[in-house]
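Below, read A as the first sequence line, B as the second, and so on, with proteins coming before strands; counting in each chain starts at 1.
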There are 2 protein chains.
Amino acid sequence: MAQKIKLSTIAESLGLSTATISLALRDSPLVATDTREKIKEQARALGYIYNRRAASLRTSRSGIIGVVVHDIMNPFYGEILKAIETELDRNRQTFILSNHYDSVEKQRNFIETLLQLGGDGVIMSPAIGTPIEDVRLAETNGMPLILVARSLEGTALPTYRGDDSYGISLATNHLIGLGHKSIAMIGGTDQTSTGRDRYQGYVNALRKAGIEVDPELRIPGPRSMQGGFEAAVNFLSLPQKPTAAVCWNDLVAIGLMNGIARAGLVVGQDISVTGYDDLEQASISVPALTTVSNQQAEVGRLAARALLDRLAGSHEPDGIHLIKPEMRIRQSTGLYRPR
Amino acid sequence: MAQKIKLSTIAESLGLSTATISLALRDSPLVATDTREKIKEQARALGYIYNRRAASLRTSRSGIIGVVVHDIMNPFYGEILKAIETELDRNRQTFILSNHYDSVEKQRNFIETLLQLGGDGVIMSPAIGTPIEDVRLAETNGMPLILVARSLEGTALPTYRGDDSYGISLATNHLIGLGHKSIAMIGGTDQTSTGRDRYQGYVNALRKAGIEVDPELRIPGPRSMQGGFEAAVNFLSLPQKPTAAVCWNDLVAIGLMNGIARAGLVVGQDISVTGYDDLEQASISVPALTTVSNQQAEVGRLAARALLDRLAGSHEPDGIHLIKPEMRIRQSTGLYRPR
DNA sequence: AAACGGAATTAAATTGTTTTAATAATTTAA
DNA sequence: TTAAATTATTAAAACAATTTAATTCCGTTT
């Protein structure tokens with residue numbers, strides 16, 4: 001391991017001061033071009049490694065940005081993260097990623113760790129039940145915060161997410177247009193703003209079409225493939241014999257379709273199913289899934305952009321930015337036929 | 001934002017020195033119990049936040065561990081990461097996650113960033129073509145390195161991964177046992193050690209059963225669902241009319257099954273398909289996927305454990321640790337019937 | 001009352017960088 | 001040739017913690 005190469009090592013080896021070395025390595029115009037070259041060359045030769053903690057101790061900028069979401073293994077968040085990663089990478093920011101699994105405590109630990117590391121900012125998809133103090137903790141310590149995919153009531157934080165109410169109404173209207181009247185809504189929870197918005201979109205679309213809303217047709221549940229798969233039994237044994245299902249997301253929809261197929265029914269003919277998110281998998285499922293694109297890439301990109309802009313000093317007004325979803329019609333939905 | 005609370009703020013407010021505060025907050029027996037309590041109370045009241053960069057500058061331990069894999073959106077890595085996360089969380093280590101997408105450059109950037117941040121160690125699943133220097137870069141700078149899921153020829157680094165050759169031979173033998181003779185191998189690459197091992201396992205099993213190996217039956221390709229889906233066309237038009245396929249992983253298998261279903265054939269009857277990894281999705285696909293559990297959770301846990309042990313000083317011998325995979329038989333495979 | 005021992009506290013050095021004001025060296029102008 | 005202006009370099013003070021050796025403050029013992 002030899003011994004650590006630091007600015008002073010380079011300085012001594014060249015008979016210069018650390019100040020010059022520091023300036024030169026950061027391309028300051030204060031140091032002469034040829035000395036700069038000489039210094040850079042020497043740094044490379046010695047295998048110098050920039051010590052960010054020492055630097056950030058002085059500058060109070062760490063180049064670290066925290067990102068915390070419910071679960072990175074969920075492709076919905078995965079796609080958002082990918083967009084954030086691209087944008088942050090481009091701006092040479094390091095990012096620290098974490099899941100909170102909807103544990104407020106795990107989320108707070110993350111925020112605290114980030115503060116200890118001197119994080120420059122956070123992008124988060126707040127855990128269910130996030131208390132305002134936790135958000136304030138970040139803010140009072142000078143760490144700006146952007147919300148993504150979920151909003152948080154009672155705050156005016158900049159938020160980027162899809163227009164869920166509108167998106168679900170697109171899917172519901174599509175089914176209504178195909179003649180369906182008994183439409184279930186499968187998966188998810190009503191404990192998040194997203195949940196309430198989505199249910200509202202479903203309700204609104206039905207009402208507008210003069211269809212009565214039957215609370216029994218709302219089957220909440222995990223937002224996973226497994227969740228959808230398990231909901232199939234429940235769904236198929238409803239006394240109302242629904243002929244269509246609006247699912248919380250694509251994962252639930254794919255799980256539900258698998259469950260329905262196992263029961264011997266044909267999705268797209270006997271039962272129509274819509275998803276939400278338009279994951280990569282949606283287009284290659286069997287049958288191909290009719291769904292709503294939630295524009296994950298755009299949502300992630302905008303959130304990252306917003307944070308970077310804020311860090312660069314521009315203070316755009318806070319508020320919720322809703323990204324408009326789009327319908328993707330495929331083979332999992334078809335004309336109404338009585339069951 | 002008021003002004004930053006630091007040790008000296010607390011010290012002044014209590015008429016003590018920063019040394020005492022520092023010691024007290026870290027539960028040193030050097031400071032009297034009642035002063036310690038008083039100090040902790042005051043720290044809480046003032047909203048003190050521990051400055052890790054200042055501390056780690058002095059102690060040269062950052063509590064940061066880097067983890068870099070091919071793609072966190074791939075559930076195979078996702079499951080490994082989840083296990084690593086659990087283990088590191090339990091030991092209060094912060095971890096920084098990154099994808100390298102098999103770009104050696106992106107991987108090196110990550111290692112460099114981690115060095116700059118004073119990372120305590122790295123767990124990585126090396127990108128294809130990783131040069132030894134990059135690994136050495138970490139080591140010569142005192143950052144221990146553990147490999148996971150993939151190995152790297154020419155190094156004696158501690159490595160934790162599944163026994164791929166054995167695992168694939170399990171799947172191949174299962175198909176041979178069902179009477180299949182023309183068995184294709186779909187997806188993946190032969191550029192990684194994993195790839196070569198898996199192909200070897202397939203070849204070995206065939207040879208042992210006296211079946212001739214036909215190179216045309218090896219269809220390499222992306223290790224994604226999309227990849228499997230697209231391989232279906234190729235697969236179905238092979239002149240050898242294979243009746244079974246050993247897939248690189250579950251994603252490829254599910255994609256392939258979807259492709260076969262789209263072509264009107266029934267998986268498990270007309271064609272048998274095996275996966276690899278035993279992802280959560282495997283058990284709920286239609287038909288349920290016969291696959292090989294790669295013990296992701298165990299692999300991740302052991303890798304994290306190995307790094308933590310090393311950081312704690314225990315110097316277990318290096319070397320490759322192969323975790324034994326297990327067969328999971330479901331409905332995607334069935335008795336041989338000529339196509 | 002002096003000497004001692006143990007417990008609690010602290011002074012001061014250290015970690016590796018950045019930054020500002022000051023100095024030294026060089027060039028230009030008069 | 002000298003003064004002024006410009007360019008290049010550096011000394012030294014931050015930044016916020018940790019750590020070691022020294023000091024202070026007790027109560028005991030002699």
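Here A:Arg310 does not pair with A:Asp120 in a salt bridge; the nearest charged N to carboxylate O distance is not below 4.0 Å. Between A:Glu298 and A:Arg301 a salt bridge is recorded (basic side-chain N to carboxylate O distance below 4.0 Å). Between B:Arg223 and B:Asp102 there is a salt bridge, with a side-chain nitrogen of the basic residue lying less than 4.0 Å from a carboxylate oxygen of the acidic one. Using a cut-off of 4.0 Å between Lys/Arg side-chain N and Asp/Glu carboxylate O, B:Arg44 and B:Glu41 are scored as salt-bridged.
Following rounding to the nearest Å, A:Arg26 (CZ) and C:dG16 (C1') show an atom-to-atom distance of 12 Å. To the nearest angstrom, P of C:dT17 lies 11 Å from CD1 of A:Ile5. Atom-to-atom, CG of B:Leu117 to P of C:dG16 comes out at 16 Å; the value is rounded to the nearest Å. Taking atom CG of residue A:Asp34 and atom P of nucleotide C:dT26, one finds them 12 Å apart after rounding to whole Å. What separates CG of B:Leu7 from P of C:dT9 is a distance of 16 Å, to the nearest Å. In this structure, the CG atom of B:Leu57 is 9 Å from the P atom of C:dT17, given to the nearest Å. A straight line from CG of A:Leu25 to P of C:dT17 spans 9 Å, rounded to a whole angstrom. Spacing between atom CZ of B:Arg36 and atom C1' of C:dA7 amounts to 14 Å, rounded to whole angstrom units.
Comparing C:dT14, C:dT10, C:dG16 by their closest approach to the side chain of A:Ala54 singles out C:dG16. Nearest to the side-chain atoms of A:Asn51 among the listed nucleotides C:dT10, C:dG16, C:dT15 stands C:dG16. Minimum atom distance to the side chain of A:Tyr48 is reached by C:dT17, of the listed C:dT14, C:dT17, C:dT18.
Classified by interplanar angle (parallel below 30°, tilted 30° to 60°, perpendicular above 60°), the ring pair A:His70/A:Tyr101 is perpendicular.
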| request: Could you please spell out the steps behind the side-chain hydrogen bond (donor to acceptor under 3.5 Å, both in side chains) verdict for A:Arg161 and A:Ser193? | output: CA-CA 11 Å; A:Arg161 61 180 185 84; A:Ser193 63; 4.6 Å; no
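Residues A:Ala19 and A:Lys6 each lie close to DNA chain C; by heavy-atom proximity, the contact nearer the 5' end of the strand is made by A:Lys6. Residues A:Thr33 and A:Thr18 both approach DNA chain D. Their nearest nucleotides, taken by heavy-atom distance, put A:Thr33 toward the 5′ side. Closest-nucleotide positions on DNA chain C for B:Thr35 and A:Leu30 were compared, and the one nearer the 5' end corresponds to B:Thr35.
Contacts of A:Ser22 with the nucleic acid, taken as non-hydrogen atoms under 4.0 Å apart, include base atoms. Among the atoms of the strands shown, base atoms are found under 4.0 Å from some heavy atom of B:Thr20. Residue-level contact check: A:Leu16 touches the backbone only, with heavy atoms under 4.0 Å from sugar-phosphate atoms and none from bases.
From one end of the helix from C:dA1-D:dT30 to C:dA30-D:dT1 to the other, with five pairs defining each end axis, the axis direction shifts by 70° (rounded to 10°).
Considering A:Ile39, A:Thr33, A:Asp34 as possible partners of A:Arg36, the one that fulfils the side-chain contact (heavy atoms from CB on, under 4.5 Å) test is A:Thr33. Among the candidates B:His100, B:Arg108, B:Glu153, B:Gln107, the single residue satisfying the side chain to side chain donor-acceptor pair (under 3.5 Å) test with B:Thr130 is B:Gln107.
Side-chain atoms of B:Thr86 and B:Arg90 form no donor-acceptor pair, as typed in the model, at a separation below 3.5 Å. Side chains of A:Arg150 and A:Thr192: a donor-acceptor N/O pair is absent below 3.5 angstrom, by distance only.
Using a 4.0 Å cutoff to heavy atoms of chain B, the contacted part of DNA chain D runs 5' to 3' from D:dA16 to D:dT19.
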